[in-house]
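To start, the structure under review is shown below, and the notes come after it.
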Amino acid sequence: MRMATYKGKKFLGLITARGGSKGVPGKNIKMLGGKPLLAYTILAAKKSGIFDRIIISTDDEVIASVAREWGAEVPFIRPPELAQDSTPHFPVVKHTLEFLAKENYQPDYAVILQPTSPFRLPRQLQEAADIAIEKTPDSVLSVMEVPPQFNPAKQMQVREDGVLRLFNSGLLIGKRIPRRQDLPVCYMSAALFYMFRSGLIFEEGISDFYGETTLPYFVEDPRTALDIDTMEDWEKAEKLFAEMEAYL
């Protein structure tokens, strides 16, 4: 299903949904709150109104069928060599964009959406698209502030002689930053989306989605960034669903 171009730009929604999950068997189509997990990502993408096309890259015919039922395109089945446990995202995304290029289709921005984040909000995708349009970066990455207890300035390692050192600076443990208020503010990927200029993928020597200029999209509500990877994560999602259902 083709959707309206957003503010004169084409945004491709690319949902990567491999079969064969080990942490949560069948998680991409496992039922959460009465819908398959994959459906929440498709619905958020559609409701955002930013996408020209919403495409699924999967190696699994059952996932493909479910994706079509919820309104996404499945123009191909991903080849097995791109669906291994060790396969990184980059060749999967490149495969999709090369396939579309053969159809003479190239969006301005591609947005990787992982179905393991069911609570992302449509407005978050809109706001990120606005950043891309207004500031024209190579990429926009959803990020959250790292909790103080996990701040890189507090991380330590043990030397071969058994002495503790701060991991990043090599300073003795006694010279660490003692006050939480003095810690540098650091961010980590929130995994809601990876938005990037699609032309990056075709540039020589490029092996990631970031380019030279990556701008942050700050995720204010950590509940929206829950990423399901284990059964413990799934149980958290089931408990959180009642809180989030009204926003989805």
Side-chain angles (χ1 to χ4, degrees), residues 13-48 54-60 63 66-67 70 72 78 83-90 92-93 110-128 139-152 155 186-196 208-210 214 216-245 247-248:
L14 174 55
I15 302 173
T16 54
R18 185 176 67 90
S21 170
K22 293 181 179 178
V24 181
K27 69 180 175 184
N28 286 321
I29 54 175
K30 186 176 173 68
M31 300 300 285
L32 175 68
K35 298 184 184 73
L37 183 66
L38 176 64
Y40 293 97
T41 293
I42 297 172
L43 291 173
K46 293 172 70 174
K47 289 177 182 178
S48 74
I54 300 170
I55 286 176
I56 306 289
S57 171
T58 185
D59 63 314
D60 189 290
I63 291 175
V66 171
W70 287 92
R78 192 193 309 176
Q84 305 302 309
D85 290 341
S86 58
T87 304
H89 254 97
F90 184 81
V92 173
V93 175
V111 187
I112 304 170
L113 302 168
Q114 294 173 270
T116 48
S117 296
F119 300 135
R120 77 170 62 73
L121 306 179
R123 68 165 178 80
Q124 292 173 317
L125 297 171
Q126 284 183 350
E127 291 165 355
S139 57
V140 181
L141 180 65
S142 58
V143 297
M144 295 189 301
E145 187 171 337
V146 176
Q149 66 269 33
F150 300 124
N151 192 290
Q155 305 310 306
C186 298
Y187 297 91
M188 60 185 179
S189 172
L192 285 184
F193 57 80
Y194 301 84
M195 181 177 292
F196 63 95
D208 61 39
F209 317 107
Y210 303 108
T214 299
Y217 174 80
F218 298 107
V219 177
E220 297 176 354
D221 187 345
R223 296 177 303 173
T224 64
L226 177 65
D227 184 22
I228 300 174
D229 190 48
T230 65
M231 282 305 302
E232 182 180 1
D233 296 331
W234 186 271
E235 291 166 4
K236 289 179 182 177
E238 290 182 321
K239 293 177 182 177
L240 189 57
F241 181 80
E243 297 179 29
M244 299 301 297
E245 184 177 13
Y247 302 99
L248 301 177

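Side chains included, hydrogens not; waters and symmetry mates left out as well; all remaining heavy atoms used. Note that the structure is a prediction, hence the values are computed from the model and not measured.
- Distance check: Glu235 CD to Thr230 OG1 gives 8.0 Å after rounding to the nearest 0.5 Å.
- Side-chain contact between Phe196 and Val93 is present, with heavy atoms from C-beta onward closer than 4.5 Å.
- Around atom CD of Gln155, more than 12 heavy atoms belonging to other residues, nucleotides or ligands sit under 6.0 Å away.
- Here CE of Met244 is found 5.0 Å from CZ of Arg223. Values are rounded to the nearest 0.5 Å.
- Counting heavy-atom neighbours within 6.0 Å of Gln149 CD, excluding the residue itself, gives a total above 12.
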When you look at Tyr217 and Met195, which way does the side-chain contact (heavy atoms from CB on, under 4.5 Å) test go after all the steps? CA-CA 10 Å; Tyr217 174 80; Met195 181 177 292; over 6 Å; no
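- Counting all heavy atoms, side chain and backbone alike, Ile228 lies closest to Ala237 at CD1-CB, 3.6 Å.
- At least one donor-acceptor pair under 3.5 Å links the side chain of Asn28 to the backbone N or O of Arg18.
- No side-chain heavy atom of Phe119 sits less than 4.5 Å from a side-chain heavy atom of Asp221.
- For the pair Leu248 and Phe241, the minimum side-chain heavy-atom distance is below 4.5 Å.
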Show, in sequence, the C-alpha distance, side-chain angles and deciding distance for Asp60 and Ile29, and conclude whether the side-chain contact (heavy atoms from CB on, under 4.5 Å) test is met. CA-CA 11 Å; Asp60 189 290; Ile29 54 175; 5.6 Å; no
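- Side-chain atoms of Asp233 and Val24, non-hydrogen and from C-beta on, never get closer than 4.5 Å to each other.
- Between the side chain of Ser139 and the backbone N or O of Tyr210, at least one donor-acceptor pair lies under 3.5 Å.
- Minimum interatomic distance between Ile42 and Ile54 (heavy atoms only, all atoms of both residues): O-CD1, 4.4 Å.
- The two residues Pro118 and Tyr40 make their nearest non-hydrogen contact at O-CB, 3.5 Å.
- Between Lys30 and Pro36, the closest side-chain pair of non-hydrogen atoms is not below 4.5 Å.
- Judged by distance alone, the side chain of Thr116 and the main-chain N or O of Asp227 form no donor-acceptor pair under 3.5 Å.
- The salt bridge (charged side-chain N to carboxylate O under 4.0 Å, His left out) test with Asp229 singles out one residue from Lys22, Lys27, Lys236, and that residue is Lys27.
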Just do the side-chain contact (heavy atoms from CB on, under 4.5 Å) check on His89 and Tyr194 with the steps written out, would you? CA-CA 11 Å; His89 254 97; Tyr194 301 84; 6.0 Å; no
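- Interatomic distance, Leu192 CG to Ile112 CD1, rounded to the nearest 0.5 Å: 13.0 Å.
- For Phe90 and Phe209, the ring centers sit closer than 6.0 Å to each other.
- Atoms CG and OG1, on Asp208 and Thr214 in that order, are 8.0 Å from each other to the nearest 0.5 Å.
- Taking every heavy atom of both residues into account, Ala191 and Arg120 meet most closely at O-NH2, 4.4 Å.
- Pairing each heavy atom of Gly19 with each of Thr58, the nearest pair is N-OG1, 4.5 Å.
- If you take OG on Ser117 and CG on Leu37, they are separated by 9.0 Å, rounding to the nearest 0.5 Å.
- A donor atom on one side chain and an acceptor atom on the other are not found under 3.5 Å apart for Ser142 and Gln124.
- In this structure, Leu121 and Lys47 have side chains that are not in contact, with every pair of non-hydrogen atoms separated by 4.5 Å or more.
- Taking the six-membered ring for Trp and thresholds of 30 and 60 degrees, Phe218 and Tyr187 have ring planes inclined between 30 and 60 degrees apart.
- The minimum heavy-atom distance linking Leu125 with Ala44 is given by the pair CD1-O, 3.9 Å.
- The side-chain contact (heavy atoms from CB on, under 4.5 Å) test with Pro216 is passed by exactly one of Leu141, Val140, Val143: Val143.
- Side chain of Glu238 to backbone of Leu32: no donor-acceptor contact under 3.5 angstrom is found.
- Here the CZ atom belonging to Phe193 is positioned 14.5 Å from the CD1 atom belonging to Ile15, to the nearest 0.5 angstrom.
- Counting heavy atoms from C-beta on, the side chains of Met188 and Pro147 come closer than 4.5 Å.
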